[in-house]
Protein chains: 2
Amino acid sequence: MTPPRQRPADRPSRERRRASHSIEAVLGAAVELLDEAGEPALTIRGLASRLGTGVGSVYWYVSGRDDLLDRAVDHVLAGVLAEIERHPGTGDPVDELRRMAVTLFDAVVDRPWLGSRFMRGIDAEGNSLRLYEELGRQLLRLDLTPLQRFHAVTAVLGVVVSAAADLGQEPPQAVVDGLVEREEYLGRYATNWRALDPGEYPFLHDVVDAFDGHDDKQQFLAALDLTLSGLHLQADRGRGPDAPAEGP
Amino acid sequence: MTPPRQRPADRPSRERRRASHSIEAVLGAAVELLDEAGEPALTIRGLASRLGTGVGSVYWYVSGRDDLLDRAVDHVLAGVLAEIERHPGTGDPVDELRRMAVTLFDAVVDRPWLGSRFMRGIDAEGNSLRLYEELGRQLLRLDLTPLQRFHAVTAVLGVVVSAAADLGQEPPQAVVDGLVEREEYLGRYATNWRALDPGEYPFLHDVVDAFDGHDDKQQFLAALDLTLSGLHLQADRGRGPDAPAEGP
DNA sequence: CGGATTATCGAACCGAGTTCGATACTAGAA
DNA sequence: TTCTAGTATCGAACTCGGTTCGATAATCCG
């Protein structure tokens with residue numbers, strides 16, 4: 001179905017009359033576009049134009065826009081993985097897990113277009129899978145059942161995914177437009193909340209001040225810590241329930 | 001900017017020569033389309049066609065596809081909210097929280113197109129906000145700081161969001177196409193994992209059996225329990241750290 | 001009756017993904 | 001050298017879908 005992939009960059013000894021590319025060049029340009037203006041900015045035409053080529057050429061390297069996006073994600077994930085793998089690995093497994101999750105989160109903050117796509121690659125061998133393995137490996141040193149380990153990794157990555165979902169919906173346009181409204185944009189939420197009936201929305205009024213000065217990273221860390229302390233508890237309990245289905 | 005909204009359904013006493021609609025009819029048809037074939041199936045033309053009208057009419061009720069999607073989500077959220085509000089409210093706050101999260105999760109399983117959009121409405125008054133309030137209200141009965149409460153609700157909803165993200169990427173096509181491959185589809189993951197080098201992927205081999213028979217709901221419940229037990233711990237500790245920034 | 005408002009409608013515009021056939025370049029075979 | 005098959009490149013054109021816009025009808029109100 002897909003054409004046989006093979007990098008043509010090996011021998012550009014003689015200048016070709018026509019533009020010569022490579023999958024790396026394509027991915028690099030794609031990441032550039034994504035970094036500049038987010039996911040919607042990645043168009044086949046725009047990419048071809050940046051590469052100085054035609055749309056047809058792009059389709060020789062990737063099977064479509066979706067494939068392109070997946071490969072771009074995998075491409076930058078290589079860097080994240082390198083960052084994650086550069087670590088002692090001797091510390092407390094839970095702390096290691098936290099460090100890795102934070103690294104991943106930081107990457108998503110840098111590139112919101114990673115969105116929740118970074119977990120889409122666990123079917124095939126790739127950096128998503130390696131990431132998954134890397135996180136899970138820490139859990140091997142904990143006294144848990146395999147099922148518990150599987151659930152734990154999913155849960156930790158889930159915290160990153162949900163944070164990414166939050167990040168991804170923030171205004172890509174307002175930042176580009178007026179620089180003033182960035183601070184005001186978030187404040188408007190709080191203002192709206194304060195205008196609500198305290199009798200009908202007691203909780204919102206309770207937390208509105210905390211929300212007003214909220215920091216995405218703190219929020220993420222708090223959620224992560226809840227999951228990790230739950231995990232710690234589970235590990236200390238020494239294989240409690242959960243593993244096999246004992247109910248009906 | 002947007003035309004003043006006002007339901008015209010109040011007085012259809014006399015039959016009009018031209019088709020007459022209402023925002024409810026539009027939303028109902030939109031939900032139908034979404035339920036039938038997922039998010040990509042919601043097209044303005046398709047919706048107009050189902051309503052027996054033209055595309056222009058749709059734009060009188062909604063400002064665009066995004067708005068339409070948001071309203072459709074809010075529309076079905078009303079039902080979820082009703083389900084959530086029908087409860088004693090006397091039990092353990094954490095248990096109540098779990099029950100609500102599960103209800104929400106079930107709704108997302110039913111309608112994967114809810115995706116992670118159901119948290120997009122917390123700026124304006126709507127069912128998203130009410131949901132948020134409803135969840136958070138349970139936390140008022142726990143000994144936590146407002147910031148801790150805020151983080152806790154976000155964390156719990158985050159578990160649902162990440163589960164929704166998982167659900168949303170499953171094959172909408174394969175189910176429609178061959179009914180045979182549903183079971184095989186998930187099994188392929190496990191098969192691929194088993195084919196990997198155990199030395200390079202020790203964790204994957206450790207959990208592959210657990211993964212093979214994995215159940216989305218169990219997975220969600222496990223992640224939820226980790227967060228909730230972390231929360232329980234935090235509440236029992238009686239306002240530990242987290243609230244003010246004490247570090248540098 | 002006569003504007004003003006409320007609604008309805010679809011042709012047309014536009015951007016974007018994808019397809020396809022034409023073409024060029026290269027490496028080997030004859 | 002010439003032929004040929006495989007490797008790459010290229011952009012016109014097709015399709016689909018969101019959105020705009022002006023025409024038109026129905027209704028309300030003075």
Side-chain angles (χ1 to χ4, degrees), chain A residues 1-27 29-30 33-34 36-72 113 173, chain B residues 1-27 29-30 33-34 36-72 113 173:
Chain A
M1 212 42 70
T2 38
R5 240 157 250 113
Q6 186 173 321
R7 52 200 55 142
D10 279 5
R11 201 183 313 154
S13 51
R14 200 157 311 189
E15 273 193 345
R16 300 189 181 180
R17 310 272 169 81
R18 310 170 79 160
S20 175
H21 317 288
S22 69
I23 182 64
E24 280 78 18
V26 171
L27 261 29
L33 288 173
L34 288 164
E36 286 165 19
E39 203 225 274
L42 179 64
T43 67
I44 306 294
R45 273 175 245 269
L47 179 59
S49 156
R50 170 149 316 197
L51 288 167
T53 184
V55 292
S57 300
V58 174
Y59 279 87
W60 196 87
Y61 292 96
V62 297
S63 72
R65 188 181 186 270
D66 245 30
D67 182 38
L68 174 61
L69 216 34
D70 283 344
R71 284 166 185 267
W113 53 268
Q173 214 57 30
Chain B
M1 215 38 70
T2 39
R5 239 158 252 113
Q6 186 175 321
R7 52 201 56 145
D10 280 4
R11 203 183 312 156
S13 52
R14 202 157 310 190
E15 274 193 345
R16 299 188 180 181
R17 310 276 170 78
R18 309 170 78 158
S20 175
H21 316 289
S22 70
I23 182 65
E24 280 78 19
V26 171
L27 261 31
L33 288 173
L34 289 164
E36 286 165 18
E39 204 225 274
L42 178 64
T43 68
I44 305 294
R45 273 176 244 267
L47 179 59
S49 157
R50 171 149 315 197
L51 288 166
T53 184
V55 292
S57 301
V58 175
Y59 278 88
W60 196 88
Y61 291 97
V62 297
S63 71
R65 188 180 187 273
D66 246 30
D67 183 38
L68 175 61
L69 217 33
D70 283 344
R71 283 166 184 267
W113 52 268
Q173 213 60 28

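Here is the naming used below: chain letters follow the sequence lines, and residue numbers restart at 1 for every chain.
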- Task: Please report, rounded to the nearest Å, how far the P atom of C:dC25 is from the NE2 atom of A:H21.
- Result: 14 Å
- Query: Which sits closer to the 5' end of DNA chain C, A:T43 or A:G56, going by the nucleotide each is nearest to?
  - Reply: A:T43
- Task: Check whether any side-chain nitrogen or oxygen of B:R45 sits under 4.0 Å from OP1 or OP2 of D:dG17, and answer yes or no.
- Result: no
- In whole angstrom, give the distance that lies between atom CH2 of B:W60 and atom P of C:dG10. 18 Å
- Query: Expressed in angstrom and rounded to an integer, what is the separation of B:D66 atom CG from D:dG18 atom P?
  - Reply: 11 Å
- Grab the CG-C1' distance between B:L69 and D:dG18 for me, whole Å please. 13 Å
- Message: So B:G64, base contact, sugar-phosphate only, or nothing? Heavy-atom distance under 4.0 Å.
- Response: sugar-phosphate
- Check the distance between C:dG17's P and A:D67's CG and give it to me in whole angstrom. 14 Å
- Look at B:Y59 and C:dT8 and indicate whether a side-chain polar atom (N or O) is within less than 4.0 Å of OP1 or OP2. no
- Using a cut-off of less than 4.0 Å, is there contact between a side-chain N or O of A:S57 and OP1 or OP2 of D:dA8? no
- When rounded to whole Å, the CG to P distance for the pair B:L47 and C:dC9 reads 13 Å
- Rounded to whole angstrom units, what separation is found between the CG atom of B:L51 and the C1' atom of C:dG10? 15 Å
